[in-house]
Amino acid sequence: MDVRRRSTMDTPATKARSGPMKVKVVDHENDVGVVGAKASDALPLPLYLTNAVCFTLFFSVVYFLLTRWREKIKTSTPLHVVNLSEIVAILAFVASFIYLLGFFGIDFVQSLILRPSNDVWAADDDEEEHERLILKDDARKVPCGAGLDCSPIPQIASVAAAAPKAVAQKVFDKEVVLSTSCDFTAQPLTEEDEEVVKSVVAGTIPSYSLESKLGDCRRAAAIRREALQRITGKSLGGLPLEGFDYESILGQCCEMPVGYVQIPVGIAGPLMLHGREFSVPMATTEGCLVASTNRGFKAINLSGGATSVLLRDGMTRAPCVRFNSAKRAAELKFYLEEPNNYDTLSTVFNRSSRFGRLQTIKCAIAGKNLYMRFTCSTGDAMGMNMVSKGVQNVLDFLQNDFPDMDVIGISGNYCSDKKPAAVNWIEGRGKSVVCEAVIKGDVVQKVLKTNVASLCELNMLKNLTGSAMAGALGGFNAHASNIVSAIYIATGQDPAQNVESSHCITMMEPINDGQDLHVSVTMPSIEVGTVGGGTQLASQSACLNLLGVKGANREAPGSNARLLATVVAGSVLAGELSLMSAISAGQLMNSHMKYYRSSKDVSAVASA
């Protein structure tokens, strides 16, 4: 079988590798095997001895040459004057270097040199480079999972007769490619990959080092996946492997990948916000969620749209430091909060980034421990790394005047990240947004199927009183986290930050003599970015592009992230309005029974 990986650029190295690869094929009935010859068979010594000799020779001659050149420098002898032993050492150095370069492979060297650029400004120009087109020329009669030689796993062999079906459609500009496969696992392993799998299973090659050793992220994921199946005895046949650019996540999104999870993306909208329409992508597996949010958008649009206000924009980080006494901790607190020292601290902090700008420092003391909550602007990035670098600069600077300061940790949980915290609810973190709309009375009746008085009463007893009875912290809403999580996953945000980003209080009041409804959501901690992290992945980048906030805004840095935060708040407003109306009208259970239950015969599917 001819297995080739095609990219948009043909380098000499890829051309050299593009020929057919010999794969071990064994006929168990006739006991006939065809095995491709390995390059190591031509070596006079075993491969591990040859490697050991070359490694030893390489480092020995390097040490010898460095020692000789050091002596020449001391005696003022020209470096180009060499004797016979130095000539031999130079030749040995070149020979061992060439061997080691060939041993590690050209692919490994290219993976270090030709690493994709992380420049946010180049993201728009180099969008096509993030697209990888995997073409399969496959004539197998077994599923991809079975083709991975998973003989110890009976689950894979049991589906060998399954018929192929289309699993994905990828569109690259004007070219449409349909990839068909009966399963989501990898292609059959070559003999060389089989040896690597056995080494991973045996523990001689760490699974986490496959990318660096092989220089091919897709190949590393396939080998890791197969080794995992053999170690655990469990099949990963339903977890897709093909059709994903593993190079794009190397070193920044995910370690030790074995595939990717498919989450459907629905579109709700349009949302009319400040007179502009947004189609909102929502990645979710919860039925009714997209439909319910869409109904909320319809009610808002028919009433003239929504408006929003950005109250604050600043990411936080709060290190914890300790002194020998509370008095010394208080001295540092007074120093940091002294207005005359702000310019100095700001200059030190701002060295870390051209976008990170210090805004405030809020301190709190617990005994002899001091917590310093730094807040800074971060442009279009979510900004956790940016603010952390600035904080480290300030800590290094403070060490000069406070040498007795013991830094316990750069994060002391007074930030507070990915945890419900009153400090975020009160002070805010990320983007603090208020979004509001006036829903006309006839829209409440015709679209939402309820009335203004019932909605206001339900909001008071459920979102306000009920949440207070439960001791909620920032949870004075119906289901803000549903909408936040769905948009976060679709647009490449950090899903764990849904914890504080979903802090929300929903308010509903009758206006115009009780005829119309004023509804608002106040969200003090929306943490979003349009550059960095998962936003650069192809699918998530496409969703950001749909909203018109992809990448960094060159004219007004930070405006894309702020606009995304207002879209999140507007979507939460629609979701709150629709769900509260369904509860008020007694339609919640009927809707879930209609849209949230599968119509498939589960028993038939299980037996298929």
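Since the model is a prediction, treat every value here as computed from it, not as a measurement.
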Exercise. Start with the C-alpha distance between Arg317 and Lys389, add both sets of side-chain angles, then the distance that settles side-chain contact (heavy atoms from CB on, under 4.5 Å), and finish with yes or no.
Key: CA-CA 10 Å; Arg317 175 61 83 196; Lys389 289 191 292 183; over 6 Å; no

Quiz item: Between Ser346 and Thr344, is a side-chain contact (heavy atoms from CB on, under 4.5 Å) present by the stated rule, with each step listed?
Solution: CA-CA 5 Å; Ser346 177; Thr344 301; over 6 Å; no

Quiz item: How far apart are the C-alpha atoms of Tyr335 and Leu398, what are their side-chain angles, what is the distance that settles it, and do they pass the side-chain contact (heavy atoms from CB on, under 4.5 Å) test?
Solution: CA-CA 10 Å; Tyr335 174 85; Leu398 293 175; 3.7 Å; yes

Exercise. Tell me, with the steps shown, if Val321 and Phe323 meet side-chain contact (heavy atoms from CB on, under 4.5 Å).
Key: CA-CA 7 Å; Val321 298; Phe323 290 88; 4.0 Å; yes

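Between atom CG of residue Asp406 and atom SG of residue Cys320 there is a gap of 9.0 Å, rounded to the nearest 0.5 Å. Taking OG1 from Thr535 and CG from Asp494, the interatomic distance works out to 11.5 Å, rounded to the nearest 0.5 Å. To the nearest 0.5 Å, atom CG of residue Asp193 and atom CG of residue Leu214 are 7.5 Å apart. Considering CG of Leu544 and NZ of Lys550, their distance stands at 8.5 Å, rounded to 0.5 Å. Atom CG in Asn350 sits 9.5 Å away from atom CG in Asn393 (nearest 0.5 Å). The distance from the NZ atom of Lys198 to the CG atom of Leu189 is 10.5 Å, given to the nearest 0.5 Å.
In this structure, the side chains of Met405 and Gln399 come closer than 4.5 Å at one or more pairs of heavy atoms. Here the side chains of Ile205 and Leu210 are in contact, with some heavy-atom distance below 4.5 Å. With contacts defined as side-chain heavy-atom distances shorter than 4.5 Å, the pair Tyr260/Leu241 does not qualify. Contact check for Ile249 versus Glu255: no side-chain heavy atoms found under the 4.5 Å cut-off. For the pair Val348/Leu345, no side-chain contact is recorded, criterion being any heavy-atom separation below 4.5 Å from C-beta on. Two residues are said to be in side-chain contact when any heavy atoms from C-beta on lie closer than 4.5 Å; Glu527 and Asp417 meet this criterion. Within the 4.5 Å cutoff, the side chain of Glu211 has no heavy atoms near those of the Arg219 side chain. Between Leu395 and Met372, some side-chain heavy-atom pair lies under the 4.5 Å cut-off.
In this structure, the side chain of Asn560 does not engage the main chain of Thr530 through any donor-acceptor pair within 3.5 Å. Counting only distance, with no hydrogens or angles, the side chain of Asp380 and the backbone of Val531 share no donor-acceptor pair below 3.5 Å. In this structure, Thr378 contributes its side chain and Gly356 its backbone to no donor-acceptor pair below 3.5 Å. At distances below 3.5 Å, at least one donor-acceptor pair connects side-chain atoms of Arg224 with backbone N or O atoms of Pro257. The closest donor-acceptor contact from the side chain of Gln493 to the backbone of Thr491 lies under 3.5 Å. For Ser377 (side chain) and Gly379 (main-chain N/O), no donor-acceptor pair under 3.5 Å exists by modelled atom type. Within the 3.5 Å criterion, the main-chain N or O of Arg218 finds no donor-acceptor partner in the side chain of Glu247. Under the 3.5 Å distance criterion, the side-chain polar atoms of Asn324 are left unmatched by any main-chain donor or acceptor of Asp404. Using modelled atom types, one side-chain atom of Arg357 and one backbone atom of Arg354 make a donor-acceptor pair closer than 3.5 Å. The closest donor-acceptor contact from the side chain of Arg225 to the backbone of Leu239 lies under 3.5 Å.
The local environment of OH in Tyr208 is sparse, with at most 12 non-hydrogen atoms from other residues, nucleotides or ligands closer than 6.0 Å. Around CG of Asn369, the count of heavy atoms belonging to other residues, nucleotides or ligands within 6.0 Å exceeds 12.
The shortest non-hydrogen separation linking Val528 to Ala561 is CG2-O, 3.5 Å. Of all the heavy atoms in Ser411 and Cys415, the pair that sits closest is OG-SG, 3.6 Å. Closest approach of Val265 to Ala283, counting heavy atoms only: CG2-CB, 4.0 Å. Contact detail for Ser248 and Gln536: the closest heavy-atom pair is O-NE2, 3.0 Å. For the residue pair Val391 and Pro319, the shortest heavy atom distance occurs at CG1-CG, 3.6 Å. The two residues Ser416 and Thr316 make their nearest non-hydrogen contact at N-OG1, 4.4 Å.
The aromatic rings of Phe93 and Phe97 sit parallel, their planes meeting at an angle under 30°, below the 60° perpendicular limit. Taking the six-membered ring where tryptophan is involved, the planes of Phe374 and Phe349 are essentially parallel, since the angle between them stays under 30° and well short of 60°.
Applying the salt bridge (charged side-chain N to carboxylate O under 4.0 Å, His left out) test to every pair with at least one member in residues 73-93, sequence neighbours left out, gives these pairs: Arg68-Glu86, Lys72-Glu86.
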